[in-house]
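Below: the structure, in structure tokens.
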Amino acid sequence: MNKVYHNAAAAIADISDNAIIMLGGFGLCGIPENCIAALVKKGVKHLTCISNNAGVDGFGIGLMLEQKQVKKMISSYVGENAEFERQLLSGELEVELIPQGTLATRCMAAGYGMPAIFTPAGIGTEVADGKEMRVFNGKEYLMELAFDADFAIVKAWKGDTDGNLVYKETARNFNPLMAMAGKITIAEVEELVPAGELDPDHIHTPGIYVHRIFKGEHYEKRIEQRTVRKKI
Amino acid sequence: MNKVYHNAAAAIADISDNAIIMLGGFGLCGIPENCIAALVKKGVKHLTCISNNAGVDGFGIGLMLEQKQVKKMISSYVGENAEFERQLLSGELEVELIPQGTLATRCMAAGYGMPAIFTPAGIGTEVADGKEMRVFNGKEYLMELAFDADFAIVKAWKGDTDGNLVYKETARNFNPLMAMAGKITIAEVEELVPAGELDPDHIHTPGIYVHRIFKGEHYEKRIEQRTVRKKI
Amino acid sequence: MALDKNQIAQRIAKELKDGYYVNLGIGIPTLVANYIPAGIDVVLQSENGLLGMGPFPFEGEEDADLINAGKQTITTVPGSSFFDSAMSFGMIRAGKVDLTVLGAMEVNENGDIANWKIPGKMVKGMGGAMDLVASAKNIIVAMMHTNPKGESKLLPACTLPLTGTRCVKKIVTELAVLDITDKGFKLLERAPGVSVEEIISKTAGKLIVEGDVPEMEF
Amino acid sequence: MALDKNQIAQRIAKELKDGYYVNLGIGIPTLVANYIPAGIDVVLQSENGLLGMGPFPFEGEEDADLINAGKQTITTVPGSSFFDSAMSFGMIRAGKVDLTVLGAMEVNENGDIANWKIPGKMVKGMGGAMDLVASAKNIIVAMMHTNPKGESKLLPACTLPLTGTRCVKKIVTELAVLDITDKGFKLLERAPGVSVEEIISKTAGKLIVEGDVPEMEF
């Protein structure tokens with residue numbers, strides 16, 4: 001059993017046109033920078049991307065948008081991206097916006113073998129259009145289906161050769177959920193250690209969910225909103 | 001905000017007859033020994049207990065069964081307990097047996113605000129009797145409802161004064177799920193530390209789910225099946 | 001005189017109770033954190049996966065892996081915890097968050113809220129707003145009483161696509177504090193020096209005014 | 001000669017493939033871990049919340065917090081991880097476990113299995129068995145060919161309450177290896193020295209025998 005890949009290009013080599021892929025991260029935090037760069041280099045097209053956000057101009061999924069590799073985005077929030085807006089308004093890009101908790105839970109449902117979940121998010125709004133509604137204990141819920149993605153691409157802080165993953169701070173976000181949800185899950189990590197080095201009580205994503213892992217290079221970790229206070 | 005209680009008696013003081021309570025643990029592993037002792041001492045009766053197992057004669061929930069405090073057990077496996085068997089056969093005790101994964105997921109559903117989940121466990125068996133069945137992608141699933149418990153009583157390894165919990169090894173089991181699911185959640189811990197001492201990346205149950213916490217005393221941690229090998 | 005944004009935040013902060021878990025939206029709601037009353041212990045939830053959000057980091061100490069739901073660099077306080085987005089919205093959906101404060105483009109007299117989309121203009125998406133308004137036990141809206149054109153944002157019926165229905169409990173604007181009741185907006189307090197008449201004139205939805213309406217205290 | 005329990009386990013171990021995640025039930029299935037072929041890397045899942053189960057601890061090194069689904073004290077191997085029971089059954093339900101080996105009281109020619117209840121006698125409960133059989137991609141049953149009364153456990157229809165339906169893929173008994181096919185039990189291998197006639201006589205359900213049936217190899 002060898003899950004360790006040499007680099008991003010090798011790990012994503014079989015992602016082809018029209019694939020449905022999940023990409024972890026919230027904003028630019030905890031995104032799989034190396035895999036995104038490799039997908040841009042490979043030039044794979046007509047992708048359906050499930051990711052909470054669509055990056056910014058010149059970074060994250062924004063890089064794939066610039067190369068017109070994305071056919072459809074499934075996200076909860078897509079602000080801060082002029083190229084995205086241009087493609088959306090011109091009809092080049094299809095967008096499905098869904099509530100953030102629904103997005104997260106539809107990933108989890110896939111990883112937990114649950115075909116559908118119920119959430120009140122979107123009741124009474126256009127998000128509910130065409131969806132099954134159901135009342136439990138007097139409250140209305142929408143039935144939302146588990147995602148079905150070909151690949152999940154996630155970024156962790158540390159990982160081991162068995163595919164176990166540990167995330168850092170809020171870079172966790174959607175990563176463990178998507179890691180569970182992909183038919184093939186590819187993880188890039190800042191630090192790759194031999195199996196046995198991570199504390200089994202501290203592992204966020206058990207290796208059973210991870211098919212490929214590699215150590216990423218040169219993480220830029222761009223900050224979207226640098227907010228600070230001054231030392232007094 | 002003070003979540004810290006002096007001891008088990010104080011933490012369970014308002015659990016009264018007919019309460020629905022969840023008790024963490026798998027077998028005798030990770031069970032809330034101090035709270036069980038306090039419930040026995042308090043003598044509260046007609047309890048509905050949701051717990052994967054029912055303890056053994058003379059330990060765990062078995063102690064509550066001996067005092068005839070339990071009206072109904074909701075469990076997945078109840079072997080290894082002669083007093084349990086006697087009460088069941090005599091009709092003193094009501095028992096609802098449900099698949100272990102269904103039990104776990106119905107706890108999680110409560111903690112995640114999801115009124116129901118779908119699982120294939122029990123399809124084609126008596127577990128499916130009277131339950132709604134539904135087909136997704138050609139596979140049959142049962143709809144199972146989230147639990148609604150008055151109290152969840154869990155045991156963690158370490159906890160802090162804000163109610164954050166960390167479990168050890170397989171003593172985790174149902175504890176984090178039940179911790180999320182109680183209207184009131186009571187946690188007993190082997191070590192209680194000031195808020196800030198636990199690594200925020202390593203917390204299994206965020207404090208928002210925990211209403212009361214105390215340091216337990218004298219953990220016996222009885223082993224149900226002591227299996228060993230000899231050093232050669 | 002009408003309140004400024006910081007005063008709106010300060011007034012909302014008076015609604016906090018000891019032990020509350022609170023989710024603060026982007027904009028004015030974020031400012032509420034600056035006015036937490038002394039002796040009140042409140043834990044801030046950030047829906048990207050954090051309980052125990054602290055203030056912005058000191059210059060030079062920003063951590064790209066540590067941001068809030070507004071993508072701003074932040075810090076944590078002792079007792080904080082990180083978790084994934086499913087658990088984060090799980091605790092929101094399960095009603096574990098005691099108070100949610102968010103902004104709005106429109107609120108109607110039933111408590112419906114619109115704050116995510118303006119048809120014909122750019123759609124940025126709802127982010128976590130629909131989850132929050134569908135689940136929160138207690139929602140306070142922080143917003144201006146009127147839009148830039150001077151039109152009331154407190155309406156008989158929202159004109160923009162809804163984010164959620166019958167969910168807002170209280171509104172704090174630069175002019176007034178109002179509850180949403182079965183019978184419409186109920187005026188509770190007015191900003192210092194602001195007349196009841198001005199509030200009436202700027203409220204398009206049904207407004208209940210009973211007896212003397214006190215000025216806000218801070 | 002009929003196999004003993006260890007030989008049944010040994011034969012099942014030949015079905016393991018490198019990289020498999022495997023859940024082993026209580027009884028004979030547990031013994032499979034002792035016969036994992038050299039060069040084959042297999043990760044054992046214990047449904048109470050562990051991936052990477054190791055052998056029993058050395059005497060004096062038992063840890064009450066570290067048990068398997070049979071409540072036995074165990075150890076872990078490098079690369080192991082702990083998780084809660086919802087995630088554990090989540091990975092089972094999502095088909096991430098490659099192979100499940102469990103015992104049975106009865107199996108029928110459709111692959112239905114009964115292994116949790118004998119009406120009128122004590123009911124211990126299904127534990128995780130119903131979840132496992134409802135979700136596993138590949139289920140091998142390890143059991144005796146007949147019950148203590150000498151009655152076949154491979155039936156046209158189960159008589160005991162079912163654990164799951166149409167789920168068993170393969171059966172290994174002390175006499176034979178059989179696949180479940182659309183047309184019934186298919187005899188693949190016989191234990192060394194055991195005749196096809198004996199297997200036929202002890203199989204109540206429909207049994208397909210085609211050509212020469214080879215002896216098992218270990």
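Letters A, B, ... mirror the listed sequences (proteins, then strands); counts begin at 1.
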### Query
Does any donor atom in the side chain of C:Asn48 or C:Ser46 lie under 3.5 Å from an acceptor atom in the other side chain?
yes
### Message
Let's test your reading of the structure: which of C:Leu50, C:Asp63, C:Ile74 forms the most heavy-atom pairs below 4.5 Å with chain A?
### Response
C:Asp63
### Task
Go through A:Lys139, A:Met108, A:Glu140, A:Lys168 and name the one with the most non-hydrogen pairs under 4.5 angstrom from chain C.
A:Lys168
## Note on the structure
Among C:Thr165, C:Leu162, C:Asp65, the residue with the most heavy-atom pairs under 4.5 Å to chain A is C:Asp65
### Message
Does A:Asp129 have more than 12 heavy atoms from other residues, nucleotides or ligands lying within 6.0 Å of its CG?
### Response
yes
### Query
Can you find a side-chain donor-acceptor pair between C:Thr203 and C:His145 that sits under 3.5 Å?
yes
### Query
Nearest heavy-atom pair of C:Val168 and C:Ile180: which atoms, and what distance?
O-CG1, 3.3 Å
### Task
Could you tell me which portion of A:Arg172 (side chain, backbone, both or neither) has an atom closer than 4.5 angstrom to a non-hydrogen atom of chain C?
side chain
### Query
Do C:Lys71 and A:Phe26 meet the cation-pi criteria used here (NZ or CZ under 6.0 Å from the six-membered ring centre, within 45° of the axis)?
yes
### Query
Considering only heavy atoms, which portion of C:Asp112 lies under 4.5 Å from any heavy atom of chain A: side chain, backbone, both, or neither?
neither
### Task
Give, as side chain, backbone, both or neither, the part of C:Glu61 having an atom under 4.5 angstrom from any heavy atom of chain A.
side chain
#### Entry: A:Ser75, part contacting chain C, at a heavy-atom distance under 4.5 Å
neither
#### Entry: Greatest number of heavy atom pairs closer than 4.5 Å to chain C - which of A:Cys107, A:Pro120, A:Pro176
A:Pro120
### Message
Does this structure show an ion pair linking A:Glu190 with A:Lys215, if we count only N-O contacts that are shorter than 4.0 Å?
### Response
no
### Task
Pick one of side chain, backbone, both or neither for A:Asn175, based on which atoms fall under 4.5 Å of a heavy atom in chain C.
neither
### Message
Is it true that, when you exclude C:Lys169 itself, more than 12 heavy atoms of the residues, nucleotides or ligands shown sit nearer than 6.0 Å to its NZ?
### Response
yes
### Message
With chain C as the partner, which of A:Val95, A:Ile98, A:Ile123 has the greatest number of non-hydrogen pairs under 4.5 Å?
### Response
A:Ile98
### Message
I'd like to know whether the aromatic ring centres of A:Phe118 and A:Phe136 sit less than 6.0 Å apart in this structure.
### Response
yes
### Task
Among the options C:Ile92, C:Val133, C:Asp84, pick out the one with the most heavy-atom pairs lying under 4.5 Å from chain A.
C:Asp84
#### Entry: Contacting moiety of A:Leu28, where chain C heavy atoms sit under 4.5 Å
neither
### Query
Hey, are A:Lys155 and A:Glu188 close enough for a salt bridge, meaning a charged N less than 4.0 Å from a carboxylate O?
no
### Query
Which one, C:Gly60, C:Ala114, C:Gly125, C:Gly90, leads in non-hydrogen pairs under 4.5 Å with chain A?
C:Gly125
### Task
With a 4.5 Å cut-off on heavy-atom pairs, point out which of A:Ala121, A:Ser76, A:Gly27, A:Ala54 contacts chain C the most.
A:Ser76
### Query
Taking A:Asn164 for the side chain and A:Gly159 for the main chain, is one N or O donor matched with an acceptor at less than 3.5 Å?
no
### Task
Output the option from A:Lys230, A:Glu224, A:Gln225, A:Arg106 having the highest count of non-hydrogen pairs under 4.5 Å with chain C.
A:Gln225
### Query
C:Phe89 versus chain A, heavy atoms under 4.5 Å apart: side chain, backbone, both or neither?
side chain
### Task
Would you tell me whether C:Asn115 and C:Thr163 have side-chain atoms, one donor and one acceptor, within less than 3.5 Å of each other?
yes
### Summary
If you tally heavy-atom pairs under 4.5 Å between each of C:Ser135, C:Ser85, C:Ala64, C:Ala134 and chain A, the highest tally belongs to C:Ser85
### Query
Under a 4.5 Å heavy-atom cutoff, which of A:Gly124, A:Ala128, A:Pro99 has the most pairs with chain C?
A:Pro99
